[in-house]
Number of protein chains: 2
Amino acid sequence: MKEISVKNKVKLARIEKGNLTQGELAKSVGVTRQTMSLIEAQKYNPTIKVCLLISKYLERPIDELFWAEE
Amino acid sequence: MKEISVKNKVKLARIEKGNLTQGELAKSVGVTRQTMSLIEAQKYNPTIKVCLLISKYLERPIDELFWAEE
DNA sequence: TTTTATTGTAACATATAAATTACATTTTAC
DNA sequence: GTAAAATGTAATTTATATGTTACAATAAAA
């Protein structure tokens with residue numbers, strides 16, 4: 001199996017929360033699968049609302065899931 | 001997308017950080033005064049990037065400044 | 001009080017987050 | 001190996017975050 005990037009905290013938390021798929025997490029959070037994909041790929045600058053929803057569902061603080069790019 | 005109400009303590013943290021004005025904080029963070037005003041008035045759903053900048057400058061975690069309420 | 005700094009907000013323009021549809025590629029199951 | 005599921009991504013549309021300009025309303029200071 002391919003290694004998961006350690007930097008991708010959202011993906012890690014998603015996997016750790018019962019091997020959720022992007023689609024399952026997206027549905028639970030209320031965004032599209034594509035949006036979740038882009039957020040995990042760090043190609044979006046998501047809104048705090050979406051971050052809060054992801055944070056709550058994955059039971060991880062926002063500061064842990066979303067960090068500043070250097 | 002599911003609705004959630006977002007409360008923030010940005011104004012409090014701004015005052016506690018040496019009585020900064022909205023304009024001063026906005027300039028330090030790199031947004032307009034109007035944007036800071038709307039964020040504090042909770043009339044915006046800011047991006048995580050702006051939240052991170054505010055969080056760093058005010059030296060407060062995002063989870064403390066922007067929190068969700070059912 | 002009068003003056004000045006600070007904040008609220010409106011109208012409009014621009015940039016981009018997010019949705020939608022669709023298809024390609026990769027991963028996983030069999 | 002093949003088939004199905006999961007993921008990546010492109011093109012287009014819609015919604016909205018943010019900027020710009022401007023002015024009104026408060027707060028603070030004199």
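Just so it is clear: chains get the letters A, B, ... in the order the sequence lines come, proteins before strands, and each one is counted from 1.
Looking at heavy-atom distances under 4.0 Å, T47(B) makes contact with sugar-phosphate atoms alone, never a base. Contact annotation for T21(B): backbone-only contact, meaning every heavy-atom pair under 4.0 Å involves sugar-phosphate atoms and none involves a base.
Here the side chains of L25(A) and L58(A) are in contact, with some heavy-atom distance below 4.5 Å. At a threshold of 4.5 Å between non-hydrogen side-chain atoms, the residues I39(A) and F66(A) count as touching.
In the region residues 27-34 of chain B, proximity to DNA chain D at under 4.0 angstrom, judged on heavy atoms, holds for G30(B), V31(B), T32(B), R33(B), Q34(B).
Where the helix from dT1(C)-dA30(D) to dC30(C)-dG1(D) starts and where it ends, the local axes point in directions that differ by 60°; five pairs per end, rounded to 10°.
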### Message
Evaluate K17(B) against E24(B) for salt bridge (Lys or Arg N to Asp or Glu O under 4.0 Å), listing each step before the verdict.
### Response
CA-CA 11 Å; K17(B) 179 113 183 164; E24(B) 287 168 335; over 6 Å; no
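Among residues two or more places apart in sequence or in another chain, the side chain to side chain contact (heavy atoms under 4.5 Å, CB included) test is passed with Q34(A) by T32(A). Residues that satisfy the side-chain hydrogen bond (donor to acceptor under 3.5 Å, both in side chains) test with N45(A), not counting sequence neighbours, are T47(B). Residues satisfying the side-chain hydrogen bond (donor to acceptor under 3.5 Å, both in side chains) test with K27(A), not counting sequence neighbours, are none.
As a whole-Å value, the separation of L52(A) CG from dA18(C) P is 12 Å.
Considering only the side chain of P46(A), dA18(C) comes nearest among dA18(C), dT9(C), dA17(C).
Remark: side-chain polar atoms of D63(B) are paired, donor with acceptor, to backbone N or O of I62(A) under 3.5 angstrom. The backbone N or O of L65(A) lies less than 3.5 Å from no partner atom in the side chain of R60(A), so there is not a single donor-acceptor pair.
Between T35(A) and dA19(C) there is a side-chain polar atom (N or O) within less than 4.0 angstrom of OP1 or OP2.
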Check nucleotides 28-30 of chain D for protein N or O atoms closer than 3.5 Å to its own N or O atoms and list the pairs.
none

